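Some notes on the structure that comes next.
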Amino acid sequence: MKKIFTYLLIGLVGTTTSCSKFEEINTNPEATEKVTSQMIATRIILNLANQPTQKGFLQPYMLNKNIVWTEFVESYQYNGFGAGALSFTAINDAHFMPEFAGTEGLAKSYEGLMYFARGVKFFEATMDLGDIPYTDALKGESDKQYFPKYDNQKDVFIGILNELELADKAFAEGDNFTGDPIYGGNTTKWRKLVNSYALHVLIQLSMKEADADLSVKGRFQQILANKPIFTSNADNYQLVRSDKNGQQYPFYKVGNNFTIYPTMSSEIVDRLKDRSDRRLFYYGAPSPVKLNSGHTQSDFTAYVGIDPSMIYDDILHTKNSNDYSKLNDRYTEIATGEPTQQLSYSQLCFIIAEAAVRGWINESAIEWHKKGVEASMQFIFDNTPNTEQFHHGMPLDAAYVSTYVSGLTLPAGTEAQIEEIITQKYLASFLQSEFHTYYDYRRTGYPKWKINPATSLNSEAPSKMPVRWRYPATEFSFNTENVDAAVSRQFGGIDDINQLMWILK
C-alpha cells in the first residue's frame, strides 16, 4: 500500500508539473491578462462610430435614396422593412470603465463615456422600434433581470437626455483619458460631442415640443447658451481612415466585389444640379454617353441619376445603356477615402437652423444654414485629393465656396424654410451618418422622395415609406410577455412597420 501511495504521489506531482509547464508554454506573452478601462473604451467607441464595409456600408444609403443598387432588387431601395435589432451587448460592460480607472479624474471621464454610449445605444434602438427595455435593461448580471419590461418611449427619451447631461457633467469633471481613437481622450472635445448629440436628439422630438416633461425648447436653449458644442469640422464625430487593413474606407475597392453595383440616385443628382452645386462633381462621375455626345466632365448636364423607385428591369436597362453616373472614384480608389461620420458640424448647423425657424431659439436661421453648407463643402475639399479625377475640373476651392454660400437664401414661410434646411442637410450627408436622413424624412416628410406604389415592397401602404422596424423575433420567443405588452400598448397588438410610434404622433 505504501508503494502504491508513493507511485500515486509521484504521478500527481508529475501531472501538476506537467500542467504548469503546459500553461507556461501556451501563454501568449503579447496577450493582455487583465482588462483595462482603456481596452473597454476603445471597443465601445469603435462600436459606436464604425460602419459596416462593402455592400453593408451602402445599405442605409439605399434607404436614404443616396444611391441605386443594380445587383438585384434590394429591399431598402424599395422601402421593404423587416425586423430591427434590440441588443445592448456592446455596452454591457461599460460600467467597468470607471471601476478600473485608477484615479478619480479618469473615473469621471470613463463614466462620461459610459453615459454617452448608453444614450446613443438606447436612442438608436427606440428610434427604430418605439418602446424598448430601458429601466430594466442590462441588469441580467447585477439583478438577475433576464426578461426586462419595456418602457414608454417618452420615458426612454427623458432617460436618454438625462444620461447625456450626466455625460457632460462627468467629462467636465474628468481628466483626459486613453483608449479613444476619435478625440485622443480630450474631454473638452467629448463635451462638445455629448452636447451636440443632445441637440440632435432634441430636434428629433420636434413633434413633441409642447411636452412639458421633455422641455424640448428649454433644453435646446440651455445647451446652446451654456455648454460647449461643435464649432468646426475639427470637432466632427467621425473615424479617420488609414491604409491599414481593417481601417480602410468601407467601400474601398480592394477585396470589394460590389463596386460595380451602385449608381448615383436622381434624388441626389437632380437636387445638386438644380442648385448648381459643385458637390455633384465630388459625389458622382459623368455619364459616358453624355461625354461621347459632346458634354464635358465639368458640365452639370453630363451627370445623370437613376430614379431609385423605378421598376428594377428599367433600372437595369438604364445601366446597360451606360447613360448614368457611377460613384466618384474617391469612394473606391482611395484607401483612406474620407472620414466616416456619425454626426458632423455641418449637420449640427442645420439642426440649429431648423430650431431657429421653429422659434425655439433666437438665432439667425439663414446664417446657420450657410454655415452648414460651407462646412459640408469644406469637409469634402479637405478630404479629397485636388485632382481632376476626383473633382472633374470643378473644385470646391475657397473662392467658389465663398461666392456660393453668400448667395444662399431661404424661401418665405416656416414650412418652406424647414424643407430647404432639411434638403441641404440631406445633401451634406451623402454616404454619411447612416439612417439620420431617414429619421428626418420620417419626421418632416423632407426631402420629398419619389414613392412608386408599383415597386414598393411596403405592401400594406405602398404609397408610403415605412415608419419603423418590427421587434426582433427573439423578443417574442424569450421575452414574450413584455414585448406583447409593448405592442398592445402602442399599436393595438399589431407589430407593423406602418404603425406610428409615440414621437411621430
Side-chain angles (χ1 to χ4, degrees), residues 59-60 62-65 73-88 121-138 145-160 201 204-211 213-214 308-309 434-446 448-505:
Q59 283 189 322
M62 299 175 201
L63 177 63
N64 290 341
K65 318 305 178 190
V73 173
E74 183 64 39
S75 59
Y76 271 173
Q77 182 169 307
Y78 291 107
N79 311 323
F81 278 30
L86 189 59
S87 173
F88 305 117
K121 283 298 184 182
F122 288 120
F123 173 74
E124 291 175 347
T126 194
M127 287 292 286
D128 288 350
L129 302 170
D131 291 2
I132 59 168
Y134 176 67
T135 304
D136 290 347
L138 299 173
Q145 179 56 270
Y146 304 123
F147 308 104
K149 293 181 179 179
Y150 281 60
D151 293 73
N152 294 328
Q153 190 174 46
K154 175 179 174 177
D155 294 331
V156 175
F157 269 99
I158 290 174
I160 290 167
V201 173
Q204 293 300 325
L205 293 166
S206 61
M207 298 181 72
K208 299 296 181 181
E209 65 176 58
D211 190 296
D213 297 325
L214 286 167
S309 71
E434 298 186 283
F435 295 101
H436 288 191
T437 52
Y438 162 72
Y439 296 149
D440 282 334
Y441 171 86
R442 181 179 69 178
R443 173 176 62 94
T444 67
Y446 306 125
K448 293 178 180 176
W449 293 330
K450 298 182 182 71
I451 308 295
N452 184 354
T455 60
S456 176
L457 295 178
N458 184 6
S459 58
E460 297 299 318
S463 63
K464 297 179 180 179
M465 286 275 286
V467 293
R468 61 180 292 274
W469 285 261
R470 291 192 295 270
Y471 288 111
T474 51
E475 283 295 287
F476 291 100
S477 298
F478 301 111
N479 195 16
T480 311
E481 181 179 349
N482 291 317
V483 71
D484 281 348
V487 172
S488 177
R489 181 173 63 237
Q490 298 172 94
F491 311 126
I494 303 172
D495 183 26
D496 184 73
I497 59 176
N498 297 297
Q499 295 277 358
L500 291 176
M501 61 181 70
W502 173 80
I503 58 167
L504 301 176
K505 294 179 179 178

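Since we're looking at a predicted model, the values are computed, not measured.
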Option passing side-chain contact (heavy atoms from CB on, under 4.5 Å) with Pro133 (candidates Leu138, Val483, Leu86, Asn482): Leu86
To the nearest 0.5 Å, tell me how far [X] [atom1] sits from [Y] [atom2].
{"X": "Asn479", "Y": "Glu481", "atom1": "CG", "atom2": "CD", "answer": "8.5 Å"}
{"X": "Asp155", "Y": "Asp131", "atom1": "CG", "atom2": "CG", "answer": "9.0 Å"}
{"X": "Lys65", "Y": "Ser309", "atom1": "NZ", "atom2": "OG", "answer": "8.0 Å"}
{"X": "Phe123", "Y": "Ile132", "atom1": "CZ", "atom2": "CD1", "answer": "11.0 Å"}
{"X": "Leu205", "Y": "Asp211", "atom1": "CG", "atom2": "CG", "answer": "9.0 Å"}

Over all atoms of both residues, closest heavy-atom pair of [X] and [Y]:
{"X": "Glu460", "Y": "Asp496", "value": "CG-OD1, 4.2 Å"}
{"X": "Ser75", "Y": "Leu457", "value": "CA-CD1, 3.7 Å"}
{"X": "Ala137", "Y": "Pro148", "value": "N-CB, 4.3 Å"}
{"X": "Gly84", "Y": "Pro472", "value": "O-CB, 3.6 Å"}

A quick test of your reading: do over 12 heavy atoms of other residues, nucleotides or ligands sit less than 6.0 Å from NZ of Lys464? no
Would you say [X]'s side chain and [Y]'s backbone share a donor-acceptor pair under 3.5 angstrom?
{"X": "Asp128", "Y": "Trp469", "value": "no"}
{"X": "Asn64", "Y": "Glu434", "value": "yes"}
{"X": "Thr444", "Y": "Asp440", "value": "yes"}

I want to check something: taking the side chain as every heavy atom from C-beta on, are Gln499 and Val467 in contact at a cut-off of under 4.5 Å? no
So which of Lys154, Lys121, Gln153 actually passes side chain to side chain donor-acceptor pair (under 3.5 Å) with Thr126? Gln153
Decide yes or no on side-chain contact (heavy atoms from CB on, under 4.5 Å) for Met127 and Arg442, but give the supporting numbers first. CA-CA 11 Å; Met127 287 292 286; Arg442 181 179 69 178; 3.4 Å; yes
Going by an N to O cut-off under 4.0 Å, is there a salt bridge joining Asp495 and Arg468? yes
Answer yes if the side chains of Tyr134 and Asn152 hold a donor-acceptor pair under 3.5 Å, and no otherwise. no
Identify the residue among Tyr446, Phe435, Trp449 that makes a ring-ring contact (aromatic ring centres under 6.0 Å, His included) with Tyr441. Trp449
Pairs touching residues 476-505 that satisfy ring-ring contact (aromatic ring centres under 6.0 Å, His included), sequence neighbours left out: none
Pair Tyr471 and Tyr150, ring centroids less than 6.0 Å apart: yes
